[in-house]
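Notes for the one structure printed next.
Below, chains carry the letters A, B, ... as their sequence lines are ordered, and counting in each starts from 1. What you see below is based on every heavy atom in this structure, not just the backbone, and it leaves out hydrogens, waters and symmetry mates.
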2 protein chains.
Amino acid sequence: MEKTDPASLPDYLLDDQIGYILRRVTQRHLAIFSEAIPQVTTTQFAVLARLRQLGPLSQNLLGRETAMDAATIKGVVDRLTRQGYVTTAPDPEDRRRLTVALSAEGEALYAQVVGKALAVSASTLDPLSASERATLTALLLRLV
Amino acid sequence: MEKTDPASLPDYLLDDQIGYILRRVTQRHLAIFSEAIPQVTTTQFAVLARLRQLGPLSQNLLGRETAMDAATIKGVVDRLTRQGYVTTAPDPEDRRRLTVALSAEGEALYAQVVGKALAVSASTLDPLSASERATLTALLLRLV
DNA sequence: GCAAACTGATTTGCACACAAACAAGTTTGC
DNA sequence: GCAAACTTGTTTGTGTGCAAATCAGTTTGC
């Protein structure tokens, strides 16, 4: 059984582990994004995109729609508010809720950079052919 | 030209963007990991795995070998040191360097959880067949 | 042989990211 | 009708992750 023999441990190749690969690909993607769109981060842009798609949302729902927990979305909304890209207002229907909406500045920024955001996605996937990109995306979506 | 018409902006589907998908897949992977291996984080385990593979390394080189910048690896090494899984010592050859090595406790933890770490990777990829996993990994590696 | 360039480590500041605990408000079940 | 259960938002604590500045030490070029 040789439980104490180090040589009997399974081979663990860090470079082949999905988590490590995901982290490195994400690092490259974030670098491409911040180079192309220095005004906001990827998460901040996700919030702008969702608000533009869905209209004003409560802060918690906005978090769920952008895959951020309550503590994270609060920080993101705070920073976007400070930069003037979103506004917040209490919901008269439900006094627990804080409604978050895109401001005119947020609309303008979105219009200005949405094309670049698409280019960032394309740039991240640049090493792959069109069909490889489709394959990769489809496979990743099954892991969500 | 209709520059001011919002309807003329390109379609940006957040759910189809590679960065957003990567973030969500990573979230799921981190959740699986922390459930299976609560003792350390993914990045901390990456450090243990590299030290076991390569032996003692300077802190900066260890960072490069685990895809962390100097500020990040310092924090990770500090936390691993506090938990007793690594030890640090000045390098007599180069007085700028801080050599990081796996401790006996680190070796023991690694031996105890490496099998679980492999199971975490398998679990993350569980929705895919063996050949799909190989395809996904190969495609992702081309994006690093 | 020594100044310039480089490398290693640290610190600060900012931005996610999640867990846990809490307060306030709303809904539900009986 | 009202207590229990749930939801929303906030705060605190911990852990990445990167940029930029700084200091100490090493290497290089002339």
Step-by-step side-chain hydrogen bond (donor to acceptor under 3.5 Å, both in side chains) determination, Gln53(B) to Arg50(B): CA-CA 5 Å; Gln53(B) 178 195 358; Arg50(B) 269 293 191 255; 2.9 Å; yes

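With a cut-off of 3.5 Å on both Watson-Crick or G-U wobble distances, the partner of dC23(D) is given as dG8(C). Judged by Watson-Crick or G-U wobble contacts below 3.5 Å, the nucleotide dC30(C) has dG1(D) as its partner.
In summary, the side chains of Asp69(B) and Thr72(B) do present a donor paired with an acceptor at a separation below 3.5 Å, with no hydrogens or angles considered.
Summarising the geometry, the separation between OH on Tyr20(A) and P on dT16(D) is reported as 14 Å, rounded to the nearest angstrom. Gln27(B) has its CD atom 19 Å from the P atom of dG15(D), to the nearest Å. Summarising the geometry, the separation between CD1 on Ile73(A) and C1' on dT10(D) is reported as 14 Å, rounded to the nearest angstrom. To the nearest angstrom, C1' of dC18(D) lies 16 Å from NE2 of His29(A). The OH atom of Tyr85(A) sits 12 Å away from the P atom of dA15(C) (whole-angstrom rounding). Protein atom CG of Leu30(A) is 12 Å distant from nucleotide atom C1' of dT16(D), rounded to whole Å. Rounded to whole angstrom, the span from the CD atom of Glu35(B) across to the P atom of dA19(C) amounts to 11 Å. The CZ-P distance, from Arg96(A) to dC22(C), rounds to 20 Å in whole Å.
One hydrophobic cluster, built from ILVMFWY side chains closer than 4.5 Å, holds both Val25(A) and Leu140(A).
The side chain of Asp69(A) sits closest to dA19(C) out of dA15(C), dA19(C), dT10(D). When the nucleotides dT11(C), dG9(D), dT11(D) are ranked by their closest atom to the side chain of Lys74(B), dT11(C) comes out on top. Distance from the side chain of Leu98(B) is smallest for dT10(C) among the nucleotides dT16(D), dT10(C), dC16(C). For Asp94(B), whose side chain is taken as the heavy atoms from C-beta onward, the closest listed nucleotide among dG25(D), dT10(C), dA19(D) is dG25(D). When distances run from any side-chain atom of Arg95(A) to the nucleotides dT12(D), dG25(C), dG9(D), the shortest one goes to dG25(C). Side-chain proximity of Ala71(B) to the nucleotides dC18(D), dA17(C), dG9(D) is greatest for dC18(D). When distances run from any side-chain atom of Gln59(A) to the nucleotides dT10(D), dT10(C), dG17(D), the shortest one goes to dT10(D). Each of dC16(C), dG15(D), dA15(C) was ranked by its minimum atom distance to the side chain of Arg82(B); first place goes to dG15(D). Closest to the side chain of Arg64(B), from the set dG8(C), dT11(C), dG17(D), is dG8(C). Closest to the Met68(B) side chain, of the nucleotides dT10(D), dG17(D), dG8(C), is dG17(D).
Within the 4.0 Å cut-off from OP1 or OP2 of dA24(C), not a single side-chain nitrogen or oxygen of Arg97(A) is found. OP1 or OP2 of dC16(C) has at least one side-chain nitrogen or oxygen of Arg79(A) nearer than 4.0 Å.
Backbone-only contact: Thr41(B) has heavy atoms under 4.0 Å from sugar-phosphate atoms and none from a base. Across all strands shown, Thr42(B) has no heavy atoms under 4.0 Å from either base or sugar-phosphate atoms. Counting any heavy atom pair closer than 4.0 Å across all strands shown, Thr43(B) reaches sugar-phosphate atoms only and no base atom.
Without hydrogens or angle criteria, Gln27(A) side chain to Ala67(B) main chain gives a donor-acceptor distance under 3.5 Å. A donor-acceptor pair under 3.5 Å links the side-chain atoms of Arg142(A) to the main chain of Pro127(B), judged by distance alone. When atom types are taken as modelled, the side chain of Gln39(B) and the backbone of Leu109(B) share no donor-acceptor pair closer than 3.5 angstrom. With hydrogens and angles disregarded, a donor-acceptor distance shorter than 3.5 Å links the side chain of Glu132(B) to the backbone of Ser129(B).
When each of Pro92(B) and Gln44(B) is assigned the nucleotide of DNA chain D bearing its nearest heavy atom, the one mapping closer to the 5' terminus is Gln44(B). DNA chain D is contacted by both Ser34(A) and Gln83(B); Gln83(B) maps to the nucleotide lying nearer its 5′ end (nearest heavy atom per residue).
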